[in-house]
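As structure tokens, the structure follows; a few thoughts come after it.
Only a predicted model underlies this, so the values are computations on that prediction, with no experimental measurement involved.
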Amino acid sequence: MSNKTLLLLMGFVAFLILVVGVIGVVAIAGGGGDDTNASTGGIPKATAKPKSSSGSGGGGICQGKSLIVPGNDPTSQLDPIQVADVDTSVYIYEIFSGLVTLDKDLKVQPDLAKSWEVSADGKMYTFTLRDNILFHDNRRVTAKDVKDSIERAADPKNASPTVKAYLGDIVGINDKFDGKAKEVSGVTVVDDKTVRIQLIEPADFFLAELTYPVSFVVDVQQIAKDPLNWTRKPNGTGPFKLAEFSPTQRIRLVKNDNFYLGAPKLDEVVFELGGGSISTRYENNELHIGFVPPQELASVKDGSSPLAKDYKPGNELAVFYITLNTKQPPFDDPKVRQALAMSIDKENINEVLLYGTQRVATSFAPPDMPGYDKSVRGYGYDPARAKQLLSESKYAGKMPRIVMNYGGSGGSSPDILVAIQKGWQDTLGVTVELQAVDPAAYLREQRRGTFQMLSDGWSADYPDLEDFTGKLFRSDSTLNLTKYVNAAVDALLQQARRETDRTKRNGLYAQAEQKILDDAPVIPLFWPVTHTLVKPCVKDYPIASMTIERYRTVDIDPKGN
Amino acid sequence: MSPGLTGYVLRRLLWAIPVLFIISIVVFYMLRLGPGSPVDTILGKQYYTPEQAARVEAKYGYDKPIYVQYLKYIANLAQGDLGISTRHQNFTAKEIIVPKIWVSTQIGIVALLITFGLGIPVGVYAALARGTFIDPLTISSWLLLDAIPPFVLIPVAQWLFVLKLRWMNLTYAGVWEPNMLVPILLIGLPGVAGVARLMRASVIGVLNEDYIRTARAKGLKQQTIVVSHITRNALLPMVTVIGLSLPGVAAGALFVETAYGIPGIGRESLQAALAPDFDVVMALVLLGSFLFVMANVLIDVVYAFIDPRVRLGQARGG
């Protein structure tokens with residue numbers, strides 16, 4: 001090191017100290033900045049957008065047809081038969097498609113199939129495919145591709161976690177999955193454009209089940225050629241193609257110009273998987289879609305925040321609840337379950353802890369569910385009756401140790417659970433311990449049924465009560481974590497499954513749900529609400545209560561501020 | 001490299017092999033015996049049946065005894081196969097880890113240059129100015145940055161530079177982009193105070209040496225003394241510090257990477273450990289241990305070059 005260098009370095013240090021000091025002063029004074037400060041750190045991105053310097057309406061982000069949204073890393077493979085989580089299915093719905101789809105009001109609509117006929121006994125579905133359906137590589141989709149895709153889903157080698165649950169109503173699916181048959185006998189190719197599906201028994205919800213990814217069409221030729229890596233450049237049939245997939249960084253979908261329902265209006269949708277805080281980037285016009293930070297919800301809702309005009313609340317087709325294991329003491333006594341259900345002040349928790357952002361669940365299935373019946377009611381807050389029920393129970397005065405598990409990684413328990421715990425302690429004198437278990441162990445306990453009570457949630461995979469009341473409470477269902485057995489409920493649910501008259505079916509589910517809620521194997525808590533922010537220049541962004549194909553009709557209007 | 005030195009390095013590297021084996025066995029068993037299984041992570045949220053779990057176990061070989069799985073893992077490792085990622089099932093563990101280490105390493109090297117490039121001159125400056133108010137002032141002004149925890153510093157920096165000044169954005173677009181300057185400074189600057197204090201102590205130690213007095217007595221210029229005699233000799237203890245911070249460079253910076261959403265290995269390590277992403281955690285632990293061993297070897301070798309008195313050739317058993 002020469003003398004000069006050392007001197008220079010010392011000067012640099014002095015300069016740096018000065019800079020730090022100045023920045024400190026600026027920060028404390030809160031001055032500087034403002035919108036007049038043009039950007040000097042504009043980032044040349046792969047998608048090349050001019051960066052805005054004004055905070056008013058979105059500026060540069062509203063030029064062009066590139067929608068930039070916050071995304072999550074897909075955990076499952078981008079394979080319709082493997083996906084079981086929301087984070088991954090978001091991409092599946094854009095890249096792939098199936099015979100039918102859901103619109104944003106959750107009505108079943110034709111997709112690859114242009115029409116279908118149902119036989120008089122309700123057991124045979126004949127689908128007619130569109131003429132202009134193509135894979136992303138322009139190969140035509142035929143009835144054989146539909147059958148091949150379903151065969152692949154049922155192949156035991158592929159170990160699809162969802163095929164039995166969503167396609168088990170088709171004749172032969174279970175046989176092939178269990179290794180008893182080589183082929184799914186219930187799916188037949190009539191001709192290039194016609195495919196026929198035979199059900200074991202009539203199921204009014206079958207079309208809704210078909211909107212779930214497991215039956216989506218995949219290119220089996222591509223998979224055969226590249227079985228290990230095809231999910232990184234899947235040859236789907238959906239409105240968008242996968243153009244870039246950098247884990248924890250970015251997923252870029254570009255429009256499929258040949259999409260059979262018309263090309264998307266956007267050129268591309270960029271899912272940012274990394275980057276800094278979503279709300280900061282939204283405010284800084286780096287993202288078109290954001291979420292309201294919890295601490296700002298109040299000011300957004302009452303309109304005092306500048307974000308209020310972008311605010312789009314959405315109801316989710318889901319419910320948060322507490323699962324009680326009816327085979328574990330003390331929850332084998334319905335009176336204990338009912339007493340606990342009556343001593344949770346949900347309204348108060350929602351107002352005080354959740355800023356009134358959620359909806360209090362008065363029953364199990366949420367109001368957005370087709371067939372929702374508001375006369376079905378769970379137990380409300382009734383401390384006096386709760387005390388009385390508890391004193392009548394066989395565990396009165398000799399309550400065993402009770403542990404409620406929740407998925408999490410330790411530290412302090414979620415406020416809501418603490419409030420519920422305190423309510424039980426104050427009202428009933430019942431002590432419930434809260435115990436965090438890591439997500440994997442949580443799943444294992446759920447499966448083995450070793451828990452006493454769980455903080456739990458369920459979101460619909462397709463919009464039908466069969467996917468709520470039916471799946472979770474039928475005594476022989478693997479999803480029945482409460483181990484709840486009620487012959488009358490089983491009979492009603494079985495009858496509802498087979499009923500083809502929509503109104504009658506919904507009535508049967510309502511009756512079953514009322515009986516279930518009376519017995520209280522679950523305590524419904526809240527129906528969740530999402531708090532999305534959408535830049536004003538984004539047009540027709542659907543706020544749907546389920547994960548659906550979402551971006552095909554979205555547009556960016558530069559004048560739409 | 002002298003024959004003695006070569007032998008020494010080889011011996012040290014050979015010693016690393018059993019160390020890595022023991023670490024790999026312990027971590028492999030801990031991961032398999034701990035809560036959760038790879039099957040839970042692969043099948044995700046679904047409440048799958050035992051038969052479904054058995055199918056997935058068979059598909060990935062998780063139904064075999066743990067020692068068989070371990071041997072298979074080692075056999076694959078020898079061929080450069082680090083296994084699969086259960087968190088990113090579209091990719092292998094290697095495809096997840098390698099680009100992220102590269103991102104973190106580039107950032108880490110720049111940050112390290114900042115830390116030592118500033119810390120060493122600041123330390124020398126403070127030492128030379130000892131006894132005056134400049135000495136504590138210099139060190140403590142840098143200590144301020146060190147003392148503020150990153151989870152306080154980061155949000156303030158984001159608010160100031162992004163929302164208030166609008167100088168940068170928070171979208172990650174690559175390491176060599178202008179908006180990486182602040183995160184890199186946030187990694188590099190807090191370490192300056194520590195380096196400066198070590199350097200200051202080291203310089204003060206050297207100042208009392210006889211050869212400094214000799215140099216002054218010879219009438220050498222102050223600048224020559226500072227640069228050629230004081231700084232050069234005072235740098236010796238810094239070799240250990242620099243060497244030991246090298247593995248940390250590849251390990252990434254957890255707080256900054258998470259807050260700025262940088263796809264580096266620090267952020268990935270945390271998420272892999274929480275998932276848990278079995279093969280990725282394995283690979284990261286092995287890599288970390290290997291780098292640590294290597295850094296120690298490197299330090300010894302560099303010492304031998306700088307200071308002939310450290311005669312490695314005669315070291316026994318590493």
### Task
In sequence, state the C-alpha distance, the side-chain angles, and the governing distance for B:Lys100 and A:Thr248, and then conclude on side-chain contact (heavy atoms from CB on, under 4.5 Å).
CA-CA 10 Å; B:Lys100 292 187 173 21; A:Thr248 71; 3.0 Å; yes
### Message
Testing the basics here: between A:Ser277 and B:Leu170, what is the closest heavy-atom pair and its distance to 0.1 Å?
### Response
N-CD1, 4.1 Å
### Message
Rounded at 0.5 Å granularity, tell me how far OG1 in A:Thr231 sits from CZ in B:Phe91.
### Response
7.5 Å
#### Entry: Contact origin within B:Glu257 toward chain A - heavy atom pairs under 4.5 Å
neither
### Query
So which part of A:Ser246 gets closer than 4.5 Å to some heavy atom of chain B, the side chain, the backbone, both or neither?
neither
### Message
If you count every heavy atom of other residues, nucleotides or ligands that lies below 6.0 Å from B:Arg232 atom CZ, does the total exceed 12?
### Response
no
### Query
Just how far is it from atom NE2 of B:His88 to atom CD of A:Gln77, taken to the nearest 0.5 Å?
13.5 Å
## Note on the structure
Of all heavy-atom pairs linking B:Asn90 and A:Ser76, the shortest is ND2-O, 3.3 Å
### Message
At a 4.5 Å cut-off on heavy atoms, which part of A:Asp79 comes close to chain B: side chain, backbone, both, or neither?
### Response
neither
### Task
Determine whether more than 12 heavy atoms belonging to other residues, nucleotides or ligands lie under 6.0 Å from atom NZ of B:Lys94.
no
### Summary
Residue from A:Gly274, A:Gly276, A:Pro74 scoring the most non-hydrogen pairs under 4.5 Å with chain B is A:Gly276
### Message
To the closest 0.5 Å, what do you measure between OG1 (A:Thr88) and CD (B:Gln89)?
### Response
8.0 Å
### Query
Can you name the closest pair of heavy atoms from A:Leu273 and B:Arg267 and give their distance?
O-NH2, 3.2 Å
### Query
Do the non-hydrogen side-chain atoms of B:Ile262 and A:Gln249 ever get within less than 4.5 Å of each other?
no
### Task
Could you tell me which non-hydrogen atom of A:Arg250 sits nearest to which non-hydrogen atom of B:Tyr172, and how far apart they are?
NH2-O, 2.9 Å
### Message
Can you confirm whether the side chains of A:Thr280 and B:Gln158 place a donor and an acceptor under 3.5 Å from each other?
### Response
no
### Task
Go through the atoms of A:Leu228 and report whether side chain, backbone, both or neither lie under 4.5 Å from a heavy atom of chain B.
neither
### Query
Step by step, would you call A:Glu283 with B:Val162 a side-chain contact (heavy atoms from CB on, under 4.5 Å)?
CA-CA 9 Å; A:Glu283 277 187 63; B:Val162 181; over 6 Å; no
### Summary
When the 4.5 angstrom heavy-atom criterion is applied to B:Thr86 and chain A, the contacting part is backbone
### Message
Just by distance, no angles: are the side chains of A:Arg281 and B:Asn169 close enough, under 3.5 Å, to form a donor-acceptor pair?
### Response
no
